[in-house]
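Bear in mind that the values here come from a model prediction, so they are computed numbers and not experimental data. Reminder, nothing fancy here: chain letters follow the sequence lines and each chain counts from 1. All heavy atoms count here, side chains included; hydrogens, waters and symmetry mates do not.
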There are 2 protein chains.
Amino acid sequence: MSSIKDVAARAGVSTTTVSRVLSQPQAVRPALRAQVEQAIAELGYRPNLAARRLRQQRASLLGLIVSDIRSPFFTDVGRAVEDMAYRHGLRLILCNTDEDPDKEHSYLQLMADEQASGVIYSPTLEGLRRFRPAAWPFPVVMVDRALPDTAVDRVLLDNRAAAQQLTGQLLAAGYRRIALLVGTHSTTGQERQAGYEAALQAQGLAPQVLRVAPTREAGAQAAAALLAGPDRPDALLASNGLLLLGAVQAIQSAGLRTPGQIGLAGFDNNDWTALPSVDVTVIAQPTYDIGRTAAELMLQRIDDPQRPPRKVVLEGQLVLRGSSRGPQAGTL
Amino acid sequence: MSSIKDVAARAGVSTTTVSRVLSQPQAVRPALRAQVEQAIAELGYRPNLAARRLRQQRASLLGLIVSDIRSPFFTDVGRAVEDMAYRHGLRLILCNTDEDPDKEHSYLQLMADEQASGVIYSPTLEGLRRFRPAAWPFPVVMVDRALPDTAVDRVLLDNRAAAQQLTGQLLAAGYRRIALLVGTHSTTGQERQAGYEAALQAQGLAPQVLRVAPTREAGAQAAAALLAGPDRPDALLASNGLLLLGAVQAIQSAGLRTPGQIGLAGFDNNDWTALPSVDVTVIAQPTYDIGRTAAELMLQRIDDPQRPPRKVVLEGQLVLRGSSRGPQAGTL
DNA sequence: TTGAAAGCGTTACCAT
DNA sequence: ATGGTAACGCTTTCAA
């Protein structure tokens, strides 16, 4: 590998000049600059990033810390962040925490060791409780999950409004006993539960909440229990895509039809939700937008570390499908 | 930030000794070692990775180059690789290429600049054609896609056997006019097509192949055209998860039932394929295993750069569901 | 078993 | 506008 020294020798200039050609070309006389650029091309010179990093004390590198990249939500977000990172010459390091606060901490430490320029972070409830922005040498942008008063940049969905809208839709269709399947571990679940409860209370109805692990299996099991139970709800609301899939599975396994025999709605416009045999009403989260916005906030923050923290709240989009039509609709 | 110098001063030893405590503790007298370890703890010292990298001329860093992390297959593989990387103290850098050979090359170059320890790579057909192992300063492990004679480590599914098995299943059930939806861009599609054709030819039947972009929309459109066409096939085979989803959508939209009115089978045991209303026969790829194996090959290769390249072929698992039962089965 | 010192490749300061 | 040089923090020879 050739170094900046070799380039300098070949171009007949100092290493300083070569460095300048790389970082601030306009500060070098065009003639000299051309010489240097030619030498660079001839040698196939590539800057040594480790040396640059050591000297500058920072790396062109972003961390993405999420619970599990296999969740379609985080996959989309990650894809958006990676696109932005690539465009701006930043690498993206992927970190899965499995909702484990210790692993979250370990990854934050790792990013500090790597002198990352910033970290995009979706904390668990516990991780959020422990988190101190000042403890880390990089800016953090939180996505999807964050407490209301956290003093960091963050990109969130209006979960409360979305859940309220979804619940309102079921109420308007005539459902009265709507049960909620909600995931533990995250703040989003809490907010969605709040929206659901608000919508019910406005009608003087009692909420029925099942808190379960955020997996398809747990969702299916909880939904099956509800459907087989003594006072079966007339509609189900699922607070995320995995729980919704579990609910669909339980409903179909029980031989029930939506919306005729049970109403259904949930979060996340996953690709299978549009299948004619599923056709479930959902809130579509602007997942790519969330990731892109998080990356944008990060780039701006890197540019100006002093700017006041910003909170961006994006709206979910109601995708109205058959599963939330009225209880009588099945006979149409 | 404290450096190795601070630790040395506090422990009353040389920087060399501190370095040794970090990398080969058994070479330092226990008493001294304890002093150093205490100093490290008291100062909260963390090694500077950039300095280490510059000195050692290599980084504890793996690259993962895939077409799109949003594909469930790559998501699972990525998750497995990241797990292994974390366990071995390696970072994982995520790279999406969108099936663009130039972007593939650009990312390979990036990994070279970062002095990555290795790259796990799922090349496009064109990227594979251009690829020269010797051109890169890191070992490569190919996953999912690779030419038969590539002289690099690789982890592949037995695509031909899997497609043959799937087609055989449909044939055994009594289907005779089986059409294949196959994605362009990848070697897997070609291999699966070969398996499909072999199975048909063994029965003296003519193949009917539609090559389309590997997206749900393209799959749905192609399937819809087939179903509405003059000589409609009696069964459909989809060569990956997205095309299969498109096929299911087209079949359900056309008001057809599987297996009664049309047979169906395909690749990838995505979570929605098990829904009672879908219930489609698939080949389940051992996605996590594929990723884990790729990471293992990489670790072994890093350990011993001279070992001969290995090829690991994993078997898909047939998941038999309702959609591939016989044409008359719907009336049972 | 321990230490001194060179050197990895770059950037940034200070001269000129 | 350009160049000399120190410094970033670590590992690795080599010597003791």
What's touching nucleotides 12-16 of chain C from the protein side, N or O pairs under 3.5 Å?
from   : atom 1 : to      : atom 2 : distance (Å)
C:dA12 : O4'    : A:Arg55 : NH2    : 3.4
C:dA12 : N6     : A:Thr16 : OG1    : 3.1

Any donor-acceptor pair under 3.5 Å from A:Arg301 side chain to A:Arg307 backbone: yes
Classify B:Leu49 by what it touches in the nucleic acid, base, sugar-phosphate, or nothing, heavy-atom distance under 4.0 Å. nothing
For the student: nearest non-hydrogen atoms of B:Glu114 and B:Ala59, plus distance: O-CB, 3.4 Å
What about the rings of B:Tyr107 and A:Tyr86, do their centers lie closer together than 6.0 Å? yes
Euclidean distance, atom CD1 of residue B:Ile4 to atom P of C:dG3 [Å, nearest integer]: 12 Å
What's the CD-P distance between A:Gln57 and C:dT10, to the nearest Å? 16 Å
So, does A:Asp76 use its side chain to make a donor-acceptor pair with the main chain of A:Tyr288 at under 3.5 Å? no
Worked verdict on B:Arg46 versus A:Asp113 for salt bridge (Lys or Arg N to Asp or Glu O under 4.0 Å): CA-CA 7 Å; B:Arg46 307 281 311 178; A:Asp113 293 348; 2.4 Å; yes
Quickly work out the B:Leu54 CG to C:dC8 C1' distance and round it to whole Å. 4 Å
Start with the C-alpha distance between A:Glu37 and A:Arg33, add both sets of side-chain angles, then the distance that settles salt bridge (Lys or Arg N to Asp or Glu O under 4.0 Å), and finish with yes or no. CA-CA 6 Å; A:Glu37 280 164 350; A:Arg33 196 196 313 166; 5.1 Å; no
Shoot me the first and last contacting nucleotide of DNA chain D against chain B, ordered 5' to 3', at under 4.0 angstrom to non-hydrogen atoms. D:dG9 to D:dT12
Is there a donor-acceptor pair under 3.5 Å between the side chain of A:Ser122 and the backbone N or O of A:Val143? yes
Heavy-atom count check: over 12 atoms from other residues, nucleotides or ligands less than 6.0 Å from A:His185 NE2? yes
